[in-house]
Amino acid sequence: MNNQKTTSALLMLLMLSVNLCFASTLSAPYEFQILAVNGKKIEKAFFSRAKATDLKEGTQKITVVYNTTVKNDQGRESTRVSSQKFIVTLKVKKNESYWLEANSKLNSLKKAKKFARYPEVKIETKKGKAADFSVSLAKKQDHGLLGNLFYKEEALTTASANAIPKTTPMSKNTQDKSNMAGKMLHHWWQQADKKTRTKFIEFAKNDI
């Protein structure tokens with residue numbers, strides 16, 4: 001009887017170890033916080049940034065936020081930079097380890113702020129192979145009265161790292177929209193007070 005119980009226990013441990021061997025994971029640098037997978041909140045996500053998040057095989061929707069402190073481009077002080085939540089839709093393969101990070105080095109406050117407004121990431125496997133994924137913003141972001149003239153809310157579909165962007169000539173319709181945006185900008189500039197104009201100039205400098 002005891003032998004049967006021991007054998008059953010060993011079989012259960014063996015099955016458990018086999019399942020763990022085929023578990024896939026997603027990891028990221030400390031400045032990225034993985035909040036949820038398929039809408040299910042990850043417990044104590046803030047304290048487990050450096051740990052790998054387990055993922056099942058198949059298409060998974062992962063909620064991520066960029067949140068860190070960046071040293072100012074001038075002086076010794078630092079600034080807290082946070083993005084809104086964004087959704088990473090990742091096609092997960094069995095027994096694969098994935099690594100998520102910014103698509104470029106965020107080595108200045110200016111770059112970090114720009115990334116927070118429009119997060120572009122890359123995901124690779126442990127062997128350095130590009131993963132199949134896309135990114136979308138979780139909600140609309142308000143850039144202010146004048147700033148919204150330059151930002152058209154979109155699905156922010158950032159294709160996988162091996163996708164090749166296509167360029168097309170600007171159509172007449174696009175040119176008309178661009179001209180209209182310029183007229184609107186001129187109109188609101190005339191309506192704005194000195195304080196608002198100063199803020200807008202600072203916004204434009206940081207965005208260039």
Side-chain angles (χ1 to χ4, degrees), residues 26-37 39 45-46 49 53 59-74 78-91 98-124 130-171 173-175 177-178 180-182 184-185 188-189 196 198-208:
L26 175 66
S27 303
Y30 74 94
E31 61 265 26
F32 289 95
Q33 184 179 356
I34 300 175
L35 302 175
V37 177
F46 182 84
R49 292 187 185 185
T53 300
T59 302
Q60 309 295 331
K61 292 185 178 294
I62 305 148
T63 306
V64 185
V65 68
Y66 172 75
N67 185 21
T68 189
T69 300
V70 182
K71 184 179 179 182
N72 293 350
D73 296 336
Q74 296 180 350
S78 299
T79 300
R80 196 73 185 175
V81 180
S82 299
S83 71
Q84 61 177 304
K85 296 176 185 178
F86 57 94
I87 309 297
V88 175
T89 303
L90 175 65
K91 290 186 178 180
Y98 295 95
W99 177 258
L100 179 149
E101 63 182 355
N103 202 31
S104 59
K105 291 184 178 181
L106 306 179
N107 50 10
S108 69
L109 180 60
K110 179 180 177 181
K111 290 181 178 179
K113 285 183 175 181
K114 187 173 183 179
F115 177 85
R117 291 195 301 269
Y118 196 91
E120 294 184 357
V121 301
K122 63 180 179 180
I123 302 178
E124 295 181 344
D132 189 356
F133 74 97
S134 63
V135 177
S136 60
L137 293 177
K139 61 183 179 179
K140 184 175 181 180
Q141 187 173 16
D142 185 15
H143 299 282
L145 183 62
L146 292 173
N148 285 334
L149 293 175
F150 294 93
Y151 287 90
K152 179 181 179 183
E153 192 62 31
E154 51 192 341
L156 180 61
T157 51
T158 304
S160 57
N162 55 0
I164 301 175
K166 297 180 179 179
T167 57
T168 55
M170 183 181 292
S171 64
N173 187 37
T174 304
Q175 291 176 346
K177 289 182 179 180
S178 178
M180 180 59 68
M184 291 175 65
L185 174 60
W188 286 113
W189 179 265
T196 302
T198 301
K199 287 183 177 180
F200 175 72
I201 292 173
E202 189 65 28
F203 165 81
K205 286 181 179 179
N206 291 333
D207 193 56
I208 296 174

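Computed from a predicted structure; not experimentally measured.
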J.: Nearest 0.5 angstrom please: Glu101 CD to Ser27 OG, how far?
T.: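 Between atom CD of Glu101 and atom OG of Ser27 there are 11.5 Å.
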J.: How long is the gap from NZ on Lys61 to OG1 on Thr89, to the nearest 0.5 Å?
T.: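 Nearest 0.5 Å value for the NZ-OG1 distance: 3.0 Å.
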J.: Residues two or more places apart in sequence or in another chain: which of them pass salt bridge (charged side-chain N to carboxylate O under 4.0 Å, His left out) with Lys91?
T.: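 By the salt bridge (charged side-chain N to carboxylate O under 4.0 Å, His left out) rule, Lys91 matches Asp132.
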J.: Working to the nearest 0.5 angstrom, can you tell me the gap between Phe32 CZ and Phe86 CZ?
T.: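 One finds 5.5 Å between CZ of Phe32 and CZ of Phe86.
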J.: Is the shortest side-chain heavy-atom distance between Leu90 and Thr59 below 4.5 Å?
T.: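 Result no, sub-4.5 Å side-chain heavy-atom pair not found.
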J.: Do Thr63 and Ile34 pass the side chain to side chain contact (heavy atoms under 4.5 Å, CB included) test, and can you show the C-alpha distance, the side-chain angles, and the key distance before you say yes or no?
T.: CA-CA 6 Å; Thr63 306; Ile34 300 175; over 6 Å; no
J.: With sequence neighbours excluded, tell me which residues meet side chain to side chain contact (heavy atoms under 4.5 Å, CB included) with Val65.
T.: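 Counting only residues at least two positions away or on another chain, Val65 forms a side chain to side chain contact (heavy atoms under 4.5 Å, CB included) with Gln33, Leu35, Ser83.
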J.: Please tell me if the side chains of Val88 and Val64 come closer than 4.5 Å, counting only heavy atoms from C-beta onward.
T.: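 A side-chain contact exists here, since the closest heavy-atom pair is under 4.5 Å.
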J.: Kindly give the heavy-atom pair with the smallest separation between Val81 and Ala112, and that separation in Å.
T.: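 Taking every non-hydrogen atom into account, CG1-O, 3.7 Å.
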J.: Find the distance between CZ (Phe133) and CG (Leu26) and round it off to the nearest 0.5 Å.
T.: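 Between atom CZ of Phe133 and atom CG of Leu26 there are 10.5 Å.
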J.: Could you point out which residue of Thr69, Thr68, Asn72 forms a side-chain hydrogen bond (donor to acceptor under 3.5 Å, both in side chains) with Thr79?
T.: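 The single option meeting the side-chain hydrogen bond (donor to acceptor under 3.5 Å, both in side chains) with Thr79 is Asn72.
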J.: List the steps, then state whether side chain to side chain contact (heavy atoms under 4.5 Å, CB included) holds for Tyr66 with Glu31.
T.: CA-CA 6 Å; Tyr66 172 75; Glu31 61 265 26; 3.6 Å; yes
J.: Could you tell me which residues satisfy side chain to side chain contact (heavy atoms under 4.5 Å, CB included) with Ser108, sequence neighbours excluded, listed by chain and number?
T.: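 Only Asp73, Lys110, Lys111 meet the side chain to side chain contact (heavy atoms under 4.5 Å, CB included) criterion with Ser108.
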